[in-house]
Undergrad: 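The structure under discussion is supplied below as structure tokens; questions concerning it will follow.
Treat the numbers as computed from the prediction; the structure is a model and nothing was measured. One is the number of the first residue; the rest follow in order along the sequence.
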Amino acid sequence: FAYANVIYPRNEFEFNEVLIQFYPPKSTAETIKNCGTTDDILTITRLEITPDPPVKGHELNISAAGYLSETVVQGSYINLTVKFGLIKLLKKTLDLCEQVEKVNKKCPLEKGEQTLEHTVELPKEIPPGKYFVDVQVFTPEHRRIACLQATAFFRP
């Protein structure tokens with residue numbers, strides 16, 4: 001914002017006060033992102049978490065939608081990796097059908113539109129620091145269904 005007086009007839013400007021204020025860029029979906037490609041079986045059309053960034057000791061709401069180009073069957077699996085900074089905390093393979101039952105879905109997941117609304121309670125005991133989560137989902141034939149990556153920084 002600049003405040004100026006115009007001095008006629010010379011068309012000169014006399015600046016009395018200059019105020020510059022910078023605003024940080026508005027964050028949108030900083031924590032979780034779709035790392036998939038057009039070759040994936042699931043095309044993710046919406047992926048949101050609130051609050052973003054997550055807050056320990058509070059609920060985390062997950063809302064997602066997408067389109068499965070084919071039915072996802074028993075034997076599909078999730079490769080999950082969780083790191084704390086550079087330290088690998090967890091590397092695990094999970095059964096996809098067992099996991100979708102925890103969010104009120106059933107296998108097989110039929111071809112077509114899919115939605116997910118889920119809420120989890122984040123423990124307040126999460127140690128402060130930066131966490132990285134990598135999720136790769138595959139069919140029994142090892143074709144990729146989806147890819148998600150998350151980064152969360154928890155303050156003390």
Side-chain angles (χ1 to χ4, degrees), residues 1 18-156:
F1 173 78
V18 175
L19 172 65
I20 299 173
Q21 190 167 8
F22 295 97
Y23 294 94
K26 184 174 169 89
S27 64
T28 56
E30 290 180 354
T31 301
I32 192 165
K33 71 177 184 172
N34 174 10
C35 52
T37 68
T38 56
D39 293 331
D40 289 352
I41 294 169
L42 177 64
T43 301
I44 298 173
T45 55
R46 179 173 44 88
L47 181 59
E48 300 170 352
I49 63 168
T50 52
D52 188 4
V55 179
K56 61 184 178 179
H58 291 82
E59 287 185 342
L60 177 66
N61 299 297
I62 304 161
S63 178
Y67 183 83
L68 284 172
S69 61
E70 62 185 72
T71 299
V72 174
V73 298
Q74 286 281 353
S76 297
Y77 61 96
I78 303 166
N79 283 338
L80 172 67
T81 304
V82 179
K83 293 181 182 178
F84 177 74
L86 298 174
I87 301 167
K88 192 177 296 183
L89 296 178
L90 176 71
K91 185 172 177 80
K92 194 168 188 178
T93 299
L94 306 168
D95 182 279
L96 177 64
C97 290
E98 288 178 10
Q99 298 307 308
V100 298
E101 286 178 4
K102 295 177 181 179
V103 293
N104 300 317
K105 300 273 186 182
K106 292 190 182 201
C107 273
L109 293 169
E110 297 297 328
K111 174 182 176 176
E113 294 293 328
Q114 296 288 325
T115 60
L116 172 70
E117 302 292 331
H118 189 64
T119 301
V120 294
E121 182 73 31
L122 295 177
K124 58 184 167 191
E125 296 82 14
I126 297 173
K130 194 170 191 175
Y131 293 82
F132 302 94
V133 180
D134 183 65
V135 179
Q136 305 274 337
V137 186
F138 296 94
T139 68
E141 298 81 27
H142 315 294
R143 290 184 300 121
R144 194 163 75 182
I145 298 169
C147 174
L148 297 171
Q149 292 178 332
T151 303
F153 182 77
F154 293 100
R155 301 198 183 285

Undergrad: Between S63 and E117, is there a donor-acceptor pair closer than 3.5 Å when you use the side chain of the first and the backbone of the second?
TA: no
Undergrad: From L148 CG over to D134 CG, what is the distance, rounded to the nearest 0.5 angstrom?
TA: 9.0 Å
Undergrad: Between T43 and S69, does the side chain to side chain contact (heavy atoms under 4.5 Å, CB included) criterion hold? Intermediate values first, please.
TA: CA-CA 8 Å; T43 301; S69 61; over 6 Å; no
Undergrad: With rounding to the nearest 0.5 angstrom, report the CG to CG distance, L109 to L68.
TA: 6.0 Å
Undergrad: When rounded to the nearest 0.5 angstrom, what distance separates CD in E59 from CG in N61?
TA: 6.0 Å
Undergrad: Is any side-chain heavy atom of K92 closer than 4.5 Å to a side-chain heavy atom of I78?
TA: no
Undergrad: More than 12 foreign heavy atoms under 6.0 Å from NE2 of H58: is that the case here?
TA: no
Undergrad: How close do A152 and T31 get, counting heavy atoms only, and between which atoms?
TA: CB-CG2, 4.3 Å
Undergrad: Where do V135 and N79 land on the side chain to side chain contact (heavy atoms under 4.5 Å, CB included) test, with the steps shown first?
TA: CA-CA 6 Å; V135 179; N79 283 338; over 6 Å; no
Undergrad: Heavy-atom distance under 4.5 Å between the side chains of F132 and T81, does that happen here?
TA: no
Undergrad: Report, as yes or no, whether the 6.0 Å neighbourhood of atom CG on L90 holds more than 12 heavy atoms from other residues, nucleotides or ligands.
TA: yes
Undergrad: Please collect all salt bridge (Lys or Arg N to Asp or Glu O under 4.0 Å) contacts where either partner lies in residues 96-112, sequence neighbours excluded, each pair once.
TA: none
Undergrad: I'd like to know if the side chain of D40 and the backbone of L42 have a donor-acceptor N/O pair within less than 3.5 Å.
TA: no
Undergrad: Identify the two heavy atoms, one from C107 and one from Q74, that lie closest to each other, and give their separation to 0.1 Å.
TA: CB-NE2, 4.1 Å
Undergrad: Kindly say whether R155 contributes a backbone atom to a donor-acceptor pair with the side chain of K56 at under 3.5 angstrom?
TA: yes
Undergrad: So how far is it from Y131 OH to L89 CG, rounded to the nearest 0.5 Å?
TA: 6.5 Å
Undergrad: Where do Y67 and E113 come nearest, in terms of heavy atoms and distance?
TA: CD1-OE2, 3.5 Å
Undergrad: What pair of heavy atoms forms the shortest contact from H142 to Y77, and how long is it?
TA: ND1-OH, 2.7 Å
Undergrad: What are the two closest heavy atoms between F154 and I126, and how far apart are they?
TA: CD1-CG2, 3.8 Å
Undergrad: CD of Q99 to CG of L80: how many Å apart, nearest 0.5 Å?
TA: 9.0 Å
Undergrad: Just wondering, do P140 and S76 contact through their side chains at under 4.5 Å, heavy atoms?
TA: yes
Undergrad: Test side chain to side chain contact (heavy atoms under 4.5 Å, CB included) on L96 and V72; report intermediate values, then the result.
TA: CA-CA 9 Å; L96 177 64; V72 174; 3.6 Å; yes
Undergrad: Where do K83 and K91 land on the side chain to side chain contact (heavy atoms under 4.5 Å, CB included) test, with the steps shown first?
TA: CA-CA 9 Å; K83 293 181 182 178; K91 185 172 177 80; over 6 Å; no
Undergrad: I need the minimum non-hydrogen distance between P128 and P156, along with the two atoms involved.
TA: CB-N, 3.6 Å
Undergrad: Report yes or no: does T45 contribute a side-chain atom to a donor-acceptor pair with the main-chain N or O of A65 at less than 3.5 Å?
TA: yes
